[in-house]
Structures are given as C-alpha cells and as structure tokens.
Amino acid sequence: MPRRRRIQRATLAGDAPEVAPQLLNKLLVHGECVGRIVEVEAYREDDPASHSFRGPTPRTRVMFGPPGHLYVYFTYGMHHCANVVTGPDGTGAAVLLRAVEPLEGIELMRERRHGRAQLADGPAKLCQAFAIGPEHDGVDVCSGDAIGLFDDGVPPPDDPLVGPRVGISKAIGTPWRWRVPPA
DNA sequence: GGAACGATCTGC
DNA sequence: CAGATCGTTCCC
C-alpha cells in the first residue's frame, strides 16, 4: 500500500478550473472512511452559477478564505454538499466534490446510507456516506483536521471526461465538470 | 415580513 | 416525474 501524502495548500491556490481536474484520483479521508475522488466541478467568483457570485455572505464566507478549507452547504432542505476552497485568500472559488469511489470503511458507509447500493456517487450521497455535515464547514483538509485530502501516487487521468455542470440554471454551457473515465 | 429558489435524492 | 423540506437571499 503506497504511502499517503496530504495535499499541499499550494496545489489548491490556483484557479478552480485548473485545480479541479487535478483533484481527480486523490483520496478523501474521514476517520476510517477512504474514497477516491472520481468527479468534480469548478465554481469561480465571476461565475453566475457559483454561490460566491454575489459576494461574500455568512453562508459563503469560507469560500472567500484561504484555499484548502471545506465549504459545506445545506440545500434542498435536506442535503449537504462539500467543496474544497481554491484560489488565493480573498477570492471566492471552490471545487465541488461530486462523486467518490469508496475504498475503506465501506460497511460504515453502507450503514450511513441505510443499506442503499450507491454509496457516494453524488455530492449529497458522498457527504452522507462520509458523515460530512455543517460542523465541517471551514475544516482544513491540508492540516491535521478530521477530514483530509491525500495523494497516494495515482495521478489524475490524462483524458478526463469533461462536460457541463449538473443541477445549475445559470452558465449552463460552461464545461467545468470532470470525471475519471471508466476503466 | 414574505416569497422564491435551490451546485439533490428517492420512490412511484 | 414530482415530492420532500428548510436555509439563504432578495425584495417590499
């Protein structure tokens, strides 16, 4: 089993559409649960689809902080979604974690997902499986905090699938979703 | 103070 | 395909 190295903050300091595909195949770790990131989306401050588009608010303040922190938001009255903040401190950008391939802690994920077959193939399912909630808004994934992003030596794909972002009503045509191609 | 709208998921 | 379900934001 290759050594896991925590992702460096400098890696996340770039522009969200540049950083996002680099997060493919990285590991999301929370306690005993480990998963490989297989789908992401980029959101930028000058992006009508982004929560940061209208400037900082109490909800989005983490997005405008330094890179490497989690921005966790509540939506549709029942779901949470998790982003990794990117770009320099003061800019509102982030990468939405859309899907993860479960690697470890699968039994625990199954319990949290109430026995359903799909454990983490969506942004809200991923948060449920990994028990990511509002208490994790602002946690630093680059330091020793509970949730971390790690590199285990598997590089991002050379040929990621690219397409439009899901579930938005503005900036429909912007192809800022990336996915690991099927094996 | 009120209304509209979600970066979604599930079961019918 | 529609319902669930409520915080955030914007407008009056």
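By convention in this document, chain letters (A, B, ...) are assigned in the order of the sequence lines, proteins followed by strands, and residues within each chain are numbered from 1.
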- Task: Could you please spell out the steps behind the side-chain contact (heavy atoms from CB on, under 4.5 Å) verdict for A/Trp176 and A/Ile168?
- Result: CA-CA 12 Å; A/Trp176 280 355; A/Ile168 56 174; over 6 Å; no

- Query: Do the side-chain N or O atoms of A/Arg54 get closer than 4.0 angstrom to the phosphate oxygens (OP1, OP2) of C/dC10?
  - Reply: yes

- Which atom names give the shortest non-hydrogen contact between A/His30 and A/Ala146, and what distance separates them? CD2-O, 3.6 Å

- Donor-acceptor pair between A/Arg112 and A/Gln128 side chains, under 3.5 angstrom: no

- Task: List the steps, then state whether side-chain contact (heavy atoms from CB on, under 4.5 Å) holds for A/Val29 with A/Ile147.
- Result: CA-CA 6 Å; A/Val29 178; A/Ile147 299 174; over 6 Å; no

- Pairing partner (Watson-Crick or G-U wobble, both distances under 3.5 angstrom) of B/dA7: none

- Item | Face-on cation placement of A/Arg59 at A/Phe74 ring, 6.0 Å and 45° thresholds | no

- Message: How would you summarise protein contacts on nucleotides 1-12 of chain B per nucleotide, using B for base, S for sugar-phosphate only and - for none, with heavy-atom distances below 4.0 Å?
- Response: -----BBBSSS-

- Who does C/dT5 pair with, Watson-Crick or G-U, both distances under 3.5 Å? none

